[in-house]
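Keep in mind it's a predicted model, so treat the numbers as computed, not measured. Excluded from the calculations below are hydrogen atoms, water molecules and symmetry mates; all remaining heavy atoms, backbone and side chain alike, are included.
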Amino acid sequence: MQKKIVINCDNKQTRVAVLENDQVVEIYLERPVHQRVVGNVYKGIVANVLPGMQAAFVDIGLERNAFLYVDDAHLTDDEENDAKKRSKAKIEQLLRPGEEIMVQVVKEPFGSKGARLTRQITIPGRHLVLMPTVEYTGVSRRIEDSEERERLKEIVSALRPSGKGLIVRTVGEGQAEEAFSQDLNFLMPLWEKVQAQYLQKTAPALVYQDLDLIYRIIRDLFTEQIEQLVVDTQYEYEKIIEILEYVDSALIKKVKLYAGDIPVFDIYGVESEIEKALSRTVWLDCGGYLVFDHTEALTVIDVNTGKYIGKTNLADTVLKTNMDAAEEIVRQIRLRDIGGIIIIDFIDMDSEEHRRQILEKLAEKTKEDKTKSHVLGLTGLGLVEMTRKKARQGLDAVLQQTCPYCGGRGKVLCSDVVSARTERQLKEYMEHLDDEALLVEMHYSVAGLLIGPGGSYLKKMEEETGKVIFIRGSDTMHIEKYRIIASGSLAEMEKIAFPVCLGEQHIVKIEEPHANNPYDGIGRISGFVIDVQGGGAYVGEDVKLEIVEVSRTFARAKIV
């Protein structure tokens, strides 16, 4: 499999794309406004201990207090003979409010939830991960060869400092003892520096910050399996070369500085993939499509045949769509960085063999994902359950914000519903209004329904309230909102309610034909409806017109 890393840098952000066989599978972004906190070590203060939840909240200096569960509150977790003690230990026995503790962030804050913490500190290097609070020797599960695992374990066991733990990272496969020794010579002084910072600083405080994005990419992803690393900035290119001279000089030949006129992300098709990753619907090459829906607790993915009609029979058509979907689903999960519980609704399959093939395809593709994933199998309803470790915000959370109009619902109320609600609220407001008239602005589609045919609904509302109501339509107002611009005497409101006068000439765009008389056209001036005689033939065009009649809810005009 061909793998590439493409890096785009500017003053506002750093973006990294990982490509496999020229397909984008992972995106990493780092911006000053969204500082990464996973991996950071803090000197925190226990804010409160909750025995009912067996957890504590810790002030580490972030906007919200971070969460520390009892299983993560133990300083060690490796000694088997202490397992029973640890399982019986309660959070109130381990921590007390006001206590200062060293903690590390293992999960980013999400929505209203604070960061997730642990007291079992890990500091990653190039080939090793140092675990300074436990005595442990381990090898990455991704290294599957048993002989290689034994060789690595022997090397690291001999190097491991007393009272500390070491884990061999996947990139350490095939490395000699010298590489691990060099890594350890970097990690141990770094841990000593963290301890010194902890003693010097006043809680809450940051005592160790994980490396910036490009350093982490070099450390964690740039291996011999990567065919090429492309970066589009001279400064970052020189920095990468400098890092590699220390980390692994053999990889320098794989680094390329891109200096073309077309943006590097456009050359490799990354920008278009980011756009697709933010879409709810993803089309498959076969003609089927996927639909992604996110909730607070889980992500649901629906598979549909779409335009694919197959060539032989229904079972083969369904299998082909589901197989393509399984491959694309794993890629999208990685690309979107979806974590937590994932439920997949594949198209129903009658064949047990076909269901087995789909599960095998999912399991095979998830092995390519460096983030831990588990395919749990089929539920009684035929849905596929899987989980994926959630350590940071997904791509949509980083690139998008909650819609200020719909509040994240993805839908707005219908115009007739808003019209009825607005009428109720205005009547309630006018019960306590001493003025005889008021001017209200709202979305023009709601205004039309509130006014009614020939102003009949508005007239009825005025009779019921005893007030004169001037309504101004606007195409910039949120459809669910309205605004009371002013209230006062009838004469005062007439002065500000009408933006046009008899005999005035204006240039107006004809927006649509008149609903009851297509010969005429409808335009608007400051939201005020202008009925243009003979304007139906000029829809979409700007015309010069003269005002020939002005009424409470609209004006008539002729083209000049």
Side-chain angles (χ1 to χ4, degrees), residues 415-416 418-420 422-427 429-430 433-479 481-560:
S415 299
D416 55 346
V418 178
S419 172
T422 303
E423 182 176 343
R424 290 195 303 271
Q425 293 175 348
L426 284 175
K427 285 180 179 178
Y429 174 78
M430 287 184 286
L433 182 67
D434 295 329
D435 296 325
E436 63 177 325
L438 75 161
L439 172 61
V440 186
E441 184 179 35
M442 62 192 70
H443 193 271
Y444 65 83
S445 65
V446 178
L449 291 169
L450 203 61
I451 292 168
S456 57
Y457 297 161
L458 179 62
K459 184 178 180 181
K460 185 179 179 182
M461 185 161 62
E462 289 178 330
E463 290 173 353
E464 291 175 354
T465 60
K467 308 292 181 184
V468 179
I469 306 167
F470 295 91
I471 295 179
R472 180 182 294 175
S474 169
D475 58 357
T476 59
M477 282 286 290
H478 186 318
I479 195 170
K481 307 293 182 183
Y482 67 90
R483 182 166 63 101
I484 297 174
I485 297 175
S487 64
S489 67
L490 178 59
E492 290 173 334
M493 290 303 99
E494 283 180 339
K495 287 181 181 179
I496 62 174
F498 301 129
V500 296
C501 296
L502 279 174
E504 286 184 347
Q505 292 189 351
H506 298 270
I507 296 176
V508 175
K509 183 177 182 179
I510 307 299
E511 298 176 3
E512 57 190 346
H514 193 287
N516 300 322
N517 180 14
Y519 173 75
D520 289 349
I522 297 295
R524 289 179 177 83
I525 297 176
S526 299
F528 194 68
V529 174
I530 310 296
D531 181 353
V532 183
Q533 298 171 3
Y538 298 93
V539 173
E541 298 181 26
D542 291 333
V543 297
K544 187 176 182 181
L545 49 81
E546 181 181 327
I547 305 299
V548 296
E549 180 186 341
V550 179
S551 69
R552 287 270 311 284
T553 55
F554 71 98
R556 282 197 173 90
K558 65 179 182 180
I559 297 173
V560 295

For [X], enumerate each residue passing the side-chain contact (heavy atoms from CB on, under 4.5 Å) test, keeping only those at least two apart in sequence or located in another chain.
X: Ala555; answer: Val500, Phe528, Ile530, Ile547, Val550
X: Lys558; answer: Gln533, Glu546, Val548, Val560
X: Ala537; answer: none
X: Glu512; answer: Ile522, Arg524

Closest approach of Gly523 to Val508 (non-hydrogen atoms, all atoms of both residues): CA-CG1, 3.8 Å
Give, for atom [atom1] of [X] and atom [atom2] of [Y], the distance between the pair rounded to the nearest 0.5 Å.
X: Ser419; Y: Ile479; atom1: OG; atom2: CD1; value: 10.5 Å
X: Arg472; Y: Ile525; atom1: CZ; atom2: CD1; value: 11.5 Å
X: Lys544; Y: Ile559; atom1: NZ; atom2: CD1; value: 13.0 Å
X: Phe554; Y: Ile451; atom1: CZ; atom2: CD1; value: 10.0 Å
X: Leu545; Y: Ile510; atom1: CG; atom2: CD1; value: 6.5 Å

All pairs passing salt bridge (Lys or Arg N to Asp or Glu O under 4.0 Å) where residues 497-509 contributes a residue, at least two apart: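 For residues 497-509, and leaving out neighbouring residues, there are no salt bridge (Lys or Arg N to Asp or Glu O under 4.0 Å) pairs at all.
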Pairs involving residues 443-457, ordered by first then second residue, that meet salt bridge (Lys or Arg N to Asp or Glu O under 4.0 Å) (sequence neighbours left out): none
Backbone of Gly452 reached by a side-chain donor or acceptor of Ser456 within 3.5 Å: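 Pair absent, no side-chain N/O of Ser456 close to backbone of Gly452.
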Donor-acceptor under 3.5 Å (Asp520 side chain, Gly534 main chain):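 A pair under 3.5 Å: yes.
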Non-neighbouring partners of Asp416 that pass side chain to side chain donor-acceptor pair (under 3.5 Å), sequence neighbours left out: none
Any residue meeting salt bridge (Lys or Arg N to Asp or Glu O under 4.0 Å) with Asp531, in chain and number order, not counting sequence neighbours: Arg556
Side chains of residues 436-444: which donor-acceptor pairs under 3.5 Å do they make with residues two or more places apart or in other chains?
{"residue": "Glu436", "atom": "OE2", "partner": "Leu490", "partner atom": "N", "Å": "3.0"}
{"residue": "Glu441", "atom": "OE1", "partner": "Arg483", "partner atom": "NE", "Å": "3.3"}
{"residue": "Glu441", "atom": "OE1", "partner": "Arg483", "partner atom": "NH2", "Å": "2.4"}
{"residue": "His443", "atom": "ND1", "partner": "Ser445", "partner atom": "N", "Å": "3.2"}
{"residue": "His443", "atom": "ND1", "partner": "Ser445", "partner atom": "OG", "Å": "2.8"}

Pairs where residues 490-503 contributes a residue and the test side chain to side chain donor-acceptor pair (under 3.5 Å) is met, not counting sequence neighbours: Ser489-Glu492
Atom pairs and distances, side-chain donor-acceptor, residues 462-471, under 3.5 Å, sequence neighbours left out:
{"residue": "Glu462", "atom": "OE2", "partner": "Ile469", "partner atom": "N", "Å": "2.8"}
{"residue": "Glu462", "atom": "OE2", "partner": "Arg552", "partner atom": "NH1", "Å": "3.4"}
{"residue": "Glu462", "atom": "OE2", "partner": "Arg552", "partner atom": "NH2", "Å": "2.1"}
{"residue": "Glu464", "atom": "OE1", "partner": "Lys427", "partner atom": "NZ", "Å": "2.7"}
{"residue": "Thr465", "atom": "OG1", "partner": "Met461", "partner atom": "O", "Å": "2.9"}
{"residue": "Thr465", "atom": "OG1", "partner": "Lys467", "partner atom": "N", "Å": "3.4"}
{"residue": "Lys467", "atom": "NZ", "partner": "Leu433", "partner atom": "O", "Å": "2.6"}
{"residue": "Lys467", "atom": "NZ", "partner": "Asp435", "partner atom": "O", "Å": "3.1"}

Contacts of type ring pair (Phe, Tyr, Trp, His ring centres under 6.0 Å), residue His514, not counting sequence neighbours: none
Within-4.5 Å side-chain heavy-atom neighbours: Glu423 and Tyr457: no
Validation row: Val446, Tyr482 side chains within 4.5 angstrom (heavy atoms): no
